[in-house]
Every structure is written in C-alpha cells, then in structure tokens.
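Both counts, for ligands and for their atoms, begin at 1 and track the order of listing. Values below: every heavy atom of this structure, side chains too, minus hydrogens, waters and symmetry copies. Heads up: numbering here begins at 1 and tracks the sequence.
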Amino acid sequence: MSDPLKTICVIGLGYVGLPLALLSARKGWNVIGIDINAERIGLLQAGKIPFQDELVLSWLSQAANITFTCDFQAVATADVIVICVPTPVHEDNRPDLGPVIQASQGIAPYLHPGQVVILESTVNPGISETVVQPLLEERGLRVGHDIYLAHCPERINPGDPRFNVENIARVLGASDEVGLDKAAEFYESILTAPVRRMGSLKEAEAVKVVENSFRDINIAFVNELAKSFSKLGIDVVNVIDGAATKPFAFMPHYPGCGVGGHCIPVDPYYLIEYAKSNGFHHDFLSLARRINSDMPAFAVEQLKSALNDNQMSLNGSRIAVLGVAYKADIGDYRESPAFEIIDHLKAQQAEVVVFDPYVPKFSSVPTLEDALTRADAVLITTAHKQFKNLTPEIFQRYNIKVIVDGRNCLDKQQYLESRLCYRGIGR
Ligand code: SAJ
C-alpha cells in the first residue's frame with residue numbers, strides 16, 4: 001500500500017479551482033493553491049475571492065491548511081496536482097489550449113515519481129494524451145509508470161444554490177489503473193457524490209463536451225421554435241411548459257436573446273473542431289451553434305419592429321439594455337450575448353445605456369433608475385431578480401413605451417393588459 005495521499009496542489013484559482021481547493025482543505029488535505037495572477041493570490045491571502053459566491057467566501061473564511069502562491073515550485077511537495085485553468089476558444093472558434101499548455105509546462109519541472117496530475121479543464125477528446133502528457137514527460141518521467149495522468153471534467157455551475165463542487169457527481173478517466181485509483185482516492189475523499197470511472201482519458205473528455213453540446217442543441221431547438229412561433233402568434237414558453245407536464249422523455253429548455261458563459265457556447269466547438277480534424281463534420285452541432293449565435297440579432301430585430309409599430313426608429317432612440325451577465329444573479333459576463341446586442345444597437349445608431357447590478361464594469365450608469373430615465377425602450381438581456389420585478393407602472397412612470405424581454409422573465413399578462421408594447425422571445 002503506497003503512502004496515503006495528503007497534499008494537493010490546485011493550478012488555477014477561478015470558478016473551478018478555488019472551490020475545489022477550499023473543499024479539499026475542509027476535507028483534511030494540505031492544500032497549495034497556485035495561480036499566475038499575483039493580484040488574485042494577494043486577494044485570496046487577504047481573505048477575499050475574485051468573484052461572487054457566498055459559499056466559497058464562507059469556505060475561505062474558515063480555511064486552514066491552505067496556502068496561496070504564484071510559485072510553481074510548490075508542486076514538488078504535492079501528491080496530487082489538479083489543473084483547473086480556462087479553455088476558451090479563439091475568434092475562429094478553434095479551442096485555445098494556451099492556458100492548459102502553460103500550466104502543464106509550469107508543473108513539469110517539479111514533478112517526481114508517484115504523483116498524479118489531474119486535468120479538470122474542458123478539452124476535446126485526445127488532448128490529455130496528445131498535448132498534456134508529452135509536456136509532463138519532457139524531463140524523462142513516464143506517464144503510467146513514474147507519474148500518472150487523469151481527467152475529471154469540471155462541472156461547476158456558477159450561482160447554483162443546490163449543486164456545488166462537493167455534491168455533483170463526476171466522471172474520471174486516466175492513463176492507467178494506478179492513476180485511476182489514485183485520482184479516485186482523491187475525489188472519493190472530498191465528494192459526497194459518486195465518481196464514475198470511465199474506460200479512458202478520451203471517454204472522460206468526451207463526456208463533458210457531450211453533456212454541454214446536449215444543452216446547446218436543446219436551447220437551439222427552442223430558439224428556433226421561438227422564431228417560428230413569433231410568426232404563428234403562439235406563445236412558445238406556454239407550449240414548452242405544456243410539454244414539460246409530460247413526466248418522461250421531455251426536458252424543458254427556454255428561448256432567449258443568446259447563449260453565453262464559458263461552457264455552453266464554447267464546448268461544442270471543441271467537439272466540432274476535433275471531429276473536423278479527423279474527417280467528420282458535425283452538421284447538427286454546427287447548426288445549433290448558428291441558431292444560438294443568431295439570437296442577439298433576433299432580439300434586436302424584435303426591438304426594431306416594436307419601435308416601428310410605435311412610430312419610432314432604432315436610429316436616434318435611447319435604449320436601456322438591462323443586463324450584461326450571461327445568466328441571472330451572477331456577475332460572470334464571459335461570452336455574454338449582451339455585448340453583441342449592444343454592438344448591434346450602436347451600429348444602427350441607437351443611443352445605448354447599459355445597467356447590470358452585478359457588472360458595474362460594463363454598466364454605463366450606476367443605477368436602474370438612471371438607466372430608465374429618458375429611455376425610449378428597454379431590452380432585458382439578463383433575468384436578474386431586480387429586473388424580473390419590473391412592472392408596467394414602473395415603465396410608465398418613466399414614459400417608456402416599448403419593452404423587449406430578452407429572457408422572457410417578465411409577467412407577460414401584466415404587460416398585455418397595460419398600454420405598453422411588450423415583446424418576448426417567441427411570445
Ligand atoms: N440558456 C438559454 N436557455 C436555457 C438555458 C440556458 O438560453 O434553457 C442560456 C443562458 O441564458 C446562458 C447560457 O444559455 O446565457 C448558459 O446557461 P447555463 O444555464 O447552461 O449556464 P452555464 O453556462 O453556467 O452552464 C452550466 C454548465 N455546467 C457545466 O458545464 C459544469 C451546464 O452543463 C449546466 O447544464 C448548466 O450550468 C445548468 O444546468 O445550470
């Protein structure tokens with residue numbers, strides 16, 4: 001029986017790495033959190049977190065046996081090293097493996113026999129073996145013999161009050177049985193949810209891109225329905241809610257002004273590009289991406305049409321864009337459709353004012369009142385609680401006549417009974 005594993009190093013202290021590091025500390029591991037961002041390390045050392053998450057903040061405040069550093073040398077003291085760095089896509093939607101490569105090169109000099117390296121970052125099937133493994137072996141250590149390599153795709157869901165790093169089931173693949181056992185020993189020591197062992201690294205990599213592509217195509221399905229039902233005078237949300245009464249074989253998704261975030265609009269491209277490089281073209285996944293990517297323009301068209309119906313034009317109108325974050329009640333704005341919507345509006349000479357209570361950085365005014373003042377129309381792009389409570393009376397107080405509800409988050413009936421012009425996405 002090898003010595004019990006006791007020290008873990010987490011590389012990348014963002015939405016994925018920081019919760020994992022803090023949970024490991026709570027479960028008795030000695031933890032070293034490493035990040036290349038010295039400002040982030042300073043923040044953590046001062047007991048602050050670089051994003052909004054009450055649970056993670058509370059874990060940090062109670063954390064013992066954890067240190068934060070920029071120095072990769074600490075890898076030498078760890079039994080388990082987990083890479084949790086971002087995997088964005090380039091402008092042309094090809095996967096950007098830069099951070100994964102940089103992290104792998106950062107740890108390689110400090111690896112020694114017996115350690116297990118676990119990649120949590122989302123990558124297309126094959127990357128662990130063809131990109132990460134050679135970098136870890138650069139100094140002569142052999143994966144599957146001296147060191148071990150596993151892949152456990154992250155499943156963090158920012159802002160989810162029910163599911164967190166501790167209680168979400170995981171899948172795990174590795175280079176070999178020893179590596180699988182070592183990695184499973186780590187996860188089974190910190191999680192309350194099951195760990196499913198996959199047949200290979202590739203299978204584990206494929207699970208993540210498949211589960212997020214599944215979500216993207218289902219959102220594309222309802223987004224296309226929304227465009228169709230807009231012409232048919234059918235409320236697509238009511239129809240989806242009706243279909244959701246079927247207790248089996250239906251999973252409701254809802255249309256909106258676009259698909260943002262660091263997972264759903266990104267992960268399908270990992271599979272599309274990998275398959276393409278191996279001679280297969282994912283027509284369906286590509287079409288779903290196209291449908292979802294067209295939704296910001298569709299939302300702007302809805303606004304333009306609603307203004308026209310009220311003898312106004314987009315050109316010269318003052319539009320209040322409510323929301324920058326990619327989903328409700330969080331401050332994450334990565335890949336948010338709001339940015340494309342704002343660009344479309346400005347390209348059509350609208351005067352745009354932006355407000356998001358969670359994203360002051362991209363808000364052009366500090367309060368909702370400032371955003372509504374002198375606005376001719378409102379376009380809701382994020383279903384923050386503060387916006388869901390907006391009533392026709394509030395808009396009438398600001399003499400706003402046109403509301404486009406990009407997240408179908410308002411009570412439509414209230415608006416139909418008012419004198420305001422309300423348009424949803426598909427309703
Ligand atoms: N969206 C829709 N319609 C829907 C659901 C989402 O338009 O029915 C939009 C959202 O507005 C947002 C984007 O899609 O702009 C992504 O939303 P999301 O709810 O999928 O949020 P994410 O990106 O945080 O997705 C995460 C994912 N988790 C991981 O990758 C580990 C995803 O797998 C989860 O299914 C999702 O959370 C979840 O269920 O909340």
Within ligand 1, which atoms have a heavy atom of R155 less than 4.0 Å away?
31 (C)

With side chain to side chain donor-acceptor pair (under 3.5 Å) as the criterion, how do T382 and R407 come out once you've worked through the C-alpha distance, each side chain's angles and the decisive distance to 0.1 Å?
CA-CA 6 Å; T382 315; R407 291 295 175 196; 5.7 Å; no

Of the listed options (N157, V16, D267), which comes nearest to atom 36 (C) of ligand 1 when hydrogens are ignored and any heavy atom counts?
N157

Taking the basic N atoms (NZ, or NE/NH1/NH2) and the acidic carboxylate oxygens, is any pair closer than 4.0 Å for K208 and E154?
yes

Protein residue, atom and distance nearest to atom 6 (C) of ligand 1, heavy-atom basis
I219 CD1, 3.6 Å

May I ask you to say whether D283 pairs ionically with R290, meaning some side-chain N is under 4.0 Å from a carboxylate O?
no

Any L149 side-chain heavy atom under 4.5 Å of S128 side chain
yes

Using a 4.5 Å cut-off on heavy atoms from C-beta on, say whether the side chain of F72 contacts that of I36.
yes

Heteroatom distance test (R215, ligand 1): nitrogen or oxygen, under 3.5 angstrom
yes

For G258, state whether at least one heavy atom is located under 4.0 Å from any atom of ligand 1.
yes

Are V259 and ligand 1 in contact, using a heavy-atom cut-off of under 4.0 Å?
yes

Under 4.0 Å from one or more heavy atoms of K208, ligand 1 contributes atoms 30 (O)

For C263, counting its heavy atoms only, list the atoms of ligand 1 lying under 4.0 Å from any of them.
29 (C), 30 (O)

May I ask whether K327 places a heavy atom under 4.0 Å from ligand 1?
yes

Per-atom contacts, ligand 1 versus I156 - under 4.0 Å to a heavy atom:
28 (N), 29 (C), 31 (C)

Is atom CD of E224 surrounded by more than 12 heavy atoms (other residues, nucleotides or ligands) closer than 6.0 Å?
no

Identify, by atom number and element, the atoms of ligand 1 in contact range of I264, meaning under 4.0 Å from any of its heavy atoms.
16 (C), 20 (O), 23 (O), 25 (O), 32 (C)

I'd like to know if K412 and D405 make a salt bridge, using a cut-off of under 4.0 Å between side-chain N and carboxylate O.
no

Report, one line per pair, each donor and acceptor closer than 3.5 Å where one atom sits in a side chain of residues 295-304; sequence neighbours left out.
{"residue": "K304", "atom": "NZ", "partner": "Q348", "partner atom": "OE1", "Å": "2.8"}

Show the atoms of ligand 1 that are less than 4.0 angstrom away from any heavy atom in E154.
31 (C)

Ligand 1 to G260 polar contact by distance, N or O atoms, under 3.5 Å
yes

Just going by heavy-atom distances, which of F163, Y254, Y326, F214 is nearest to atom 15 (O) of ligand 1?
Y326

Does R407 reach ligand 1, in the sense of a heavy atom lying below 4.0 Å from it?
yes

Could K27 and E166 be called an ion pair, given the rule that one side-chain N must be under 4.0 Å from one carboxylate O?
yes

Contacting atoms of ligand 1, where contact means under 4.0 angstrom from a heavy atom of N212:
30 (O), 32 (C), 33 (O)

Salt-bridge criterion met for E211 and R155 (N-O under 4.0 Å)
yes

